[in-house]
There are 2 protein chains.
Amino acid sequence: MHGDALREFEEASRHDLTHTIGAVSRALTAAIFERLAERGYGSVHQAHVAVFSALDPDGTRVSTLAARAGISRQAMSALVRALVAAGYVTTETDPADQRATIVRLDRRGAEFCRAAVVASAEANAEIERALGAEQTGRLRDILRILAE
Amino acid sequence: MHGDALREFEEASRHDLTHTIGAVSRALTAAIFERLAERGYGSVHQAHVAVFSALDPDGTRVSTLAARAGISRQAMSALVRALVAAGYVTTETDPADQRATIVRLDRRGAEFCRAAVVASAEANAEIERALGAEQTGRLRDILRILAE
DNA sequence: ACAACTTAGGCAACGCGATTGACTATTAAC
DNA sequence: GTTAATAGTCAATCGCGTTGCCTAAGTTGT
């Protein structure tokens, strides 16, 4: 019947670079979040990390965060609310514009950022241990090229 | 204040291999699905691809598909229903077990699989063009190691 | 000055894709 | 043959995003 197509499909996906990179990427990401969860940051998910990535050191408006993260203001508003409740960030009405809310990193948020930096360094070290320094350098070069 | 933590965080994420691999992976995946969409398979999403990946050439039960894809039977059932409606697969009660439903690839599903094989090959060729044969080989080696 | 427009954020309704729990029908086991 | 396990579905729910509409606040033009 149509079974041959499935065999070709399976064979192709085994050699597909996109597929393989995706699998590796998911595994590495999961490992990092697992490590962060072990250190008490289990409630921080990927969407929340996007908030920290979009946050300026001196605070940022919700609308700006939303635009940078590529999501709606409502979605960002919900993320911020959750982070405020957990003590990661604080919010304050912009004194220069009463409509706007400025989001700022709080103490726990700073702790999380440092923990994330540590987790990232550990993950990179583990990769380098597995690949060796030379191959890790090559990987960095390759990724730079693939990022186009 | 706590702004320094954000600066370190941003700096670290720029050199984080997991982060970089994730970005590359998302871009490559999006490119493949875009290409498939151009060829008329825009309604097939990643979750549906998991169905084809789990499907045996001679048909597979819904429960088995769900277990392989790592989702609930209900979720797989919904995916299969959508694929049946779009003509990609057919379903039939297992003559050997009246409780079970066997899912089989249909003509349009086979066409999709072939299109996916082509898209995969094109994507790989594009990567090889960007990296060169030697570096592509290294990338494959590296990914094999990282897949642990 | 003040009417008219724009902007920031919140509320409500909804969509999508997944989950769990309870149910029916069928098969297997003792 | 009664009892237990299995395949699949229905219903309710949840998480996370969306759009549409609303109010409050700031900006602009005449």
Side-chain angles (χ1 to χ4, degrees), chain A residues 22 26 29-30 33-34 36-37 41-56 58-86 88-105, chain B residues 22 26 29-30 33 36-37 41-56 58-86 88-104:
Chain A
R26 274 185 295 278
T29 304
F33 277 93
E34 202 173 315
L36 286 170
Y41 302 102
S43 62
V44 182
H45 277 64
Q46 268 175 286
H48 300 114
V49 175
V51 179
F52 295 115
S53 299
L55 209 52
D56 294 308
D58 54 342
T60 311
R61 293 179 170 197
V62 171
S63 302
T64 308
L65 293 176
R68 288 182 186 166
I71 62 177
S72 65
R73 285 169 312 184
Q74 287 82 341
M76 180 53 76
S77 182
L79 290 174
V80 167
R81 227 186 330 262
L83 289 176
V84 168
Y88 288 93
V89 300
T90 57
T91 54
E92 175 196 344
T93 304
D94 185 346
D97 184 346
Q98 301 287 114
R99 296 168 303 176
T101 306
I102 298 193
V103 182
R104 282 204 183 77
L105 199 65
Chain B
R26 274 186 295 279
T29 305
F33 276 94
L36 286 171
Y41 302 102
S43 63
V44 182
H45 277 64
Q46 267 175 286
H48 299 114
V49 174
V51 178
F52 295 115
S53 300
L55 210 51
D56 294 308
D58 54 341
T60 312
R61 292 178 172 198
V62 171
S63 303
T64 308
L65 293 176
R68 288 181 186 167
I71 62 177
S72 65
R73 284 170 313 184
Q74 289 84 335
M76 180 53 77
S77 182
L79 289 175
V80 167
R81 226 187 328 264
L83 289 176
V84 168
Y88 288 92
V89 299
T90 58
T91 55
E92 175 196 345
T93 304
D94 185 346
D97 183 345
Q98 300 289 112
R99 294 168 303 175
T101 305
I102 297 192
V103 182
R104 283 203 182 77

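Sequence lines set the chain letters: A, B, ... in the order given, protein chains first and strands last, and positions in each chain run from 1.
A distance of 10.5 Å separates OG1 in B:Thr101 from CZ in B:Arg81, rounded to the nearest 0.5 Å. Note that the CG atom of A:Leu105 and the CG atom of A:Leu55 stand 6.0 Å from one another [nearest 0.5 Å]. How far CZ of A:Arg104 is from OG1 of A:Thr90: 6.5 Å, rounded to the nearest 0.5 Å.
Atom C1' of nucleotide C:dT27 and atom CZ of B:Arg61 are separated by 10 Å, given to the nearest angstrom. C:dT6 atom P lies 17 Å from atom CG of A:Asp97, rounded to whole Å. Between the CD atom of B:Gln98 and the P atom of D:dT9 there is a distance of 14 Å, given to the nearest Å.
Taking the six-membered ring for Trp and thresholds of 30 and 60 degrees, A:Tyr41 and A:Tyr88 have ring planes inclined between 30 and 60 degrees apart.
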**Study point:** Evaluation steps, salt bridge (charged side-chain N to carboxylate O under 4.0 Å, His left out), between B:Arg68 and B:Asp56
**Key:** CA-CA 11 Å; B:Arg68 288 181 186 167; B:Asp56 294 308; 3.0 Å; yes
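Residue side chain B:Arg99 does not reach the base of C:dT27 through any donor-acceptor N/O pair under 3.5 Å, judged by distance alone.
At least one side-chain heavy atom of B:Asp94 sits under 4.5 Å from a side-chain heavy atom of B:Arg61. Under the 4.5 Å side-chain criterion, counting only non-hydrogen atoms from C-beta, B:Thr93 is not in contact with B:Ile102. No side-chain heavy atom of A:Val103 sits less than 4.5 Å from a side-chain heavy atom of A:Leu83.
Within residues 71-85 of chain B, the residues having any heavy atom under 4.0 Å from DNA chain D are, by residue number, B:Arg73, B:Gln74, B:Ser77.
Comparing C:dA18, D:dA25, C:dT27 by their closest approach to the side chain of B:Ala47 singles out C:dA18.
The overall bend of the helix from C:dA1-D:dT30 to C:dC30-D:dG1, read as the angle between its terminal helix axes built from five base pairs each, is 10° when rounded to 10 degrees.
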